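These notes are about the structure you will find just below.
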Amino acid sequence: MKTSGPARLDRGRRQEAAPAPAPAAARLEAANRLLAAIGALQSRFIGDAPMGTILKETLESFLLLTDSQYGFLGEALLTPDQLPYFKIQALSDSAWTDIARDFYSRHAPIGLEFYDLDNLFGQILQSGQPVIVNDMPPAGGALPAGHPPMRAFLGLPIAHGSEVLGMVGLANRPGGYDRELLDFLQPLAATCGSLINAHRANLWRQGAESELRREALVFDNISDAIVLTDREGRVLNCNPAAQAALGRARKKLLGMPLGFLLASGQAPERQVRDALAAVDREGQWQGVLTVRPQDGGRRIWQATVLPLQDAAADDNILVWFNRDETERLAAQAKLEERTQELNTIADLSPDGFVFIDARHRVTYVNPAFEHMTGLAASDLVGMAHPALRAALAGLCDQPDRDDGLVHLARPHFAILKRTVRSLRDDAGRIRGTVEYYRDVTQETEVDRMKSEFLSTAAHELRTPMASVFGFAELLLRRRYPADKEREFLEIIHRQAGQLVTLINELLDLARIEARAGKDFRIVAHALAPILRSTLDQFLVPGDERQVEVRLPARLPRVMVDPSKLQNALGNVLSNAYKYSMGRGPIQLSVRTCRTGQGRQVGIQVRDQGIGMTADQLARIFDRFYRADACGNIQGTGLGMSIVKEIMGIFRGSVDVASRPGEGTSVTLWLPVAPPRTPGKEG
Amino acid sequence: MAGEKRILIVDDQPLLRLLVRETLDDGSGAYSIREACTGREAIAAVDAFQPQVVVLDVMLPDGRDGYQVCEYIKAHPRLGPASRVILLTARGQKADMARGVQAKADHYLVKPFSPEALIHLVAQAFRNITETASQ
């Protein structure tokens, strides 16, 4: 048999090994040794010995059974690129030179690999046929340095079925190799083939199992719900996340049509059908599924459906990857709702809001801010923050006041209190700023007026106090003639009286203001008795004049608290007397008229006194204002303020007409009481 | 008129003018006293009467208040350096006093005041004028 192989072996003369005659006892003994070797090999494999060790011992058995001097045992393998190569797994180290030993020790642990198989090894592996070369000529330099001399060679393929898995090479059997020996070795070679095959199957199975375990781990632990269905959408398998989301055990879900698990109202069967059709058509489907768990409620799944990518497996399996979006969508909806609420609040708020983002740009202004400033949101949004501040400053006459308030002069006078708050995220980073503007015009004005009132009141109290204090001290420190002493005492007495009046009137005014008329007992009352009573009690010492009263025959009833009306009318009469000393009569008259607010009755007091200029008239209701510049006329300057407050509570009004040098007329207008109901006297 | 000690009393309240006059006029005729009851009257009296000491109320009618009268006196080229102004007021707050200092008033007396204190202040003012003039 002509073969091609390694060059050195080509030179050898090849021949079919001739069976050698052997006595029966020797053959029996050899057979026993063979069986023992096979048994040992099998028990080593069953005992899970490392494959390298098994192959080394197998080689030893081959050498012993054939009396060969040395040999090797190797496997036919494939590279990752599917290229065949030969790898020697066991190599005998007998009869080697030091150089060979060195070569062997460097290469033995990992084996010797041959990628060029265009030689005797390749021929044996490819053909699956043994090769015997006896009477080999001296190889000389053809063998690698240190290679022991070779006189005879047996190359025996190791196969499992028709597949060649490797080969064993034996050298230098005394007398060479023959066919009978080949036949004899066949059971060992076959056993070795079976074991190598079993070992390889084992390795493949282990790899597959570990891959499966990894996949199962992902399948079981991923938070996404994974459902496997057939092409009809019936559940074949599902992972724990899917079971938890659906609130059903795996065994209950198996075989269930997926459509059954979807919320009704979404046409579930059709939705599943459409998804399956899309997978057929386009290879995948993505969409939103609303599933209904066993325990009620709804869960929203963002689903991706793919056919199972495994050539070996059934192509009719579909995988549904489902990301649960329920919480995220709920949070988003909640956020949108909250945003809507906040926008509504901001829109309805009487206070101004300006939102500024982290890049100092205005992102929102509410309608109240637009109204306060006359600046349009469309102009302000997108504006840099300093530009906004500049626009506001442009509306002020004194932008740089240090009271922390914005005093707008345009578009209308207003005082705004600005509050600035930073908006921070959970990590504490500033995400923007809210400026909040509150209109404090009224509060500020009220504060200013209160402070001014207090200051003026103190002044008014100090003035009579100065006379009391000063004249009393003069009387204590100096001697005066009796008439002068009496004059001073009279001053002290009069000024003390003035103090008492002032304090009473201040208290009256404070009480009316604070209680806003709550202590007024307003009832329908005949007007005439109130007028008579007021005039009877009214007395000005040192003034002989009588009030000239002109009343109509029938007087209407009015809605008043009689004592408060007497107070108001008394004040008006008192002024009339004081400002017309020695200047003609004082007249009181009553008339009625119809106004928008119904019928009203006017009580008019007219004098012919010094009168007032238009400027003085304009200030008549100012607290502490007195038309008498030089203080010759006694008074507190509170009388007309009190009159006005009282008339306001009666829902009436005060009219004053005056000309300097000609006199003044004051009219108190009061609402007429509704007609008396029958059977009720008043 | 040269050796006369002239005092102008300015107040819109007749009783206060009376009190100041009675306080300063002890019957010895040491002072020549005049009165004015508005800011305008006061300025006219300053020009005509040329007082060395002015006892001046702050709150005055007719549009000219005591501060303005004080400023007028102190800005007067001849009269200004030779006169002393005692502001007399019922307004005792800090801002009011600061306004008085600004108007260059020499003293600030808050109502009610002690007549003794006023007598002392006026006497001191005249001494002060004499000392300044003799330097």
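In what follows, chains are A, B, ... by sequence order, proteins preceding strands, each numbered from 1. As the structure is a prediction and not an experimental result, all values here were calculated from the model.
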Part of B/L60 within contact of chain A (heavy atom distance under 4.5 Å): neither
Could you go through residues 119-129 of chain B and list every donor-acceptor pair under 3.5 Å that involves a side-chain atom there, pairing it with any protein atom two or more places apart or in another chain?
from: B/N128; atom 1: OD1; to: B/R84; atom 2: NE; distance (Å): 2.8
from: B/N128; atom 1: OD1; to: B/R84; atom 2: NH2; distance (Å): 2.7

Worked verdict on B/E22 versus A/K484 for side-chain contact (heavy atoms from CB on, under 4.5 Å): CA-CA 10 Å; B/E22 287 295 338; A/K484 201 156 206 173; 2.7 Å; yes
Within-4.5 Å side-chain heavy-atom neighbours: B/P112 and A/R462: yes
Minimum side-chain heavy-atom gap B/S114-A/F469 below 4.5 Å: yes
Side chain proximity check, A/M465 to B/K111, heavy atoms < 4.5 angstrom: no
Heavy-atom closest pair, residues A/E473 and B/E116: OE2-N, 3.0 Å
Heavy-atom side-chain proximity of B/L16 to A/S467 below 4.5 angstrom: yes
Over 12 non-hydrogen atoms of neighbours within 6.0 angstrom of CZ in B/R21: yes
Pair A/T463, B/Q13: side-chain N/O donor-acceptor within cut-off below 3.5 Å: no
Side-chain (A/R478) to main-chain (B/T23) donor-acceptor, under 3.5 angstrom: yes
Heavy atoms from other residues, nucleotides or ligands near CZ of A/R438 exceed 12 (cutoff 6.0 Å): no
Exceeds 12 heavy-atom contacts within 6.0 angstrom, atom CZ of A/R410: yes
side-chain contact (heavy atoms from CB on, under 4.5 Å) between B/L18 and A/E487, worked out: CA-CA 11 Å; B/L18 177 65; A/E487 183 195 342; 3.6 Å; yes
Heavy atoms of other groups near A/K644 NZ, more than 12 under 6.0 Å: no
Minimal non-hydrogen separation, A/G470 against B/P115, with atom names: O-CG, 3.4 Å
Residues in residues 490-498 of chain A that sit under 4.5 Å from chain B, counting heavy atoms only: A/I491, A/R494, A/Q495
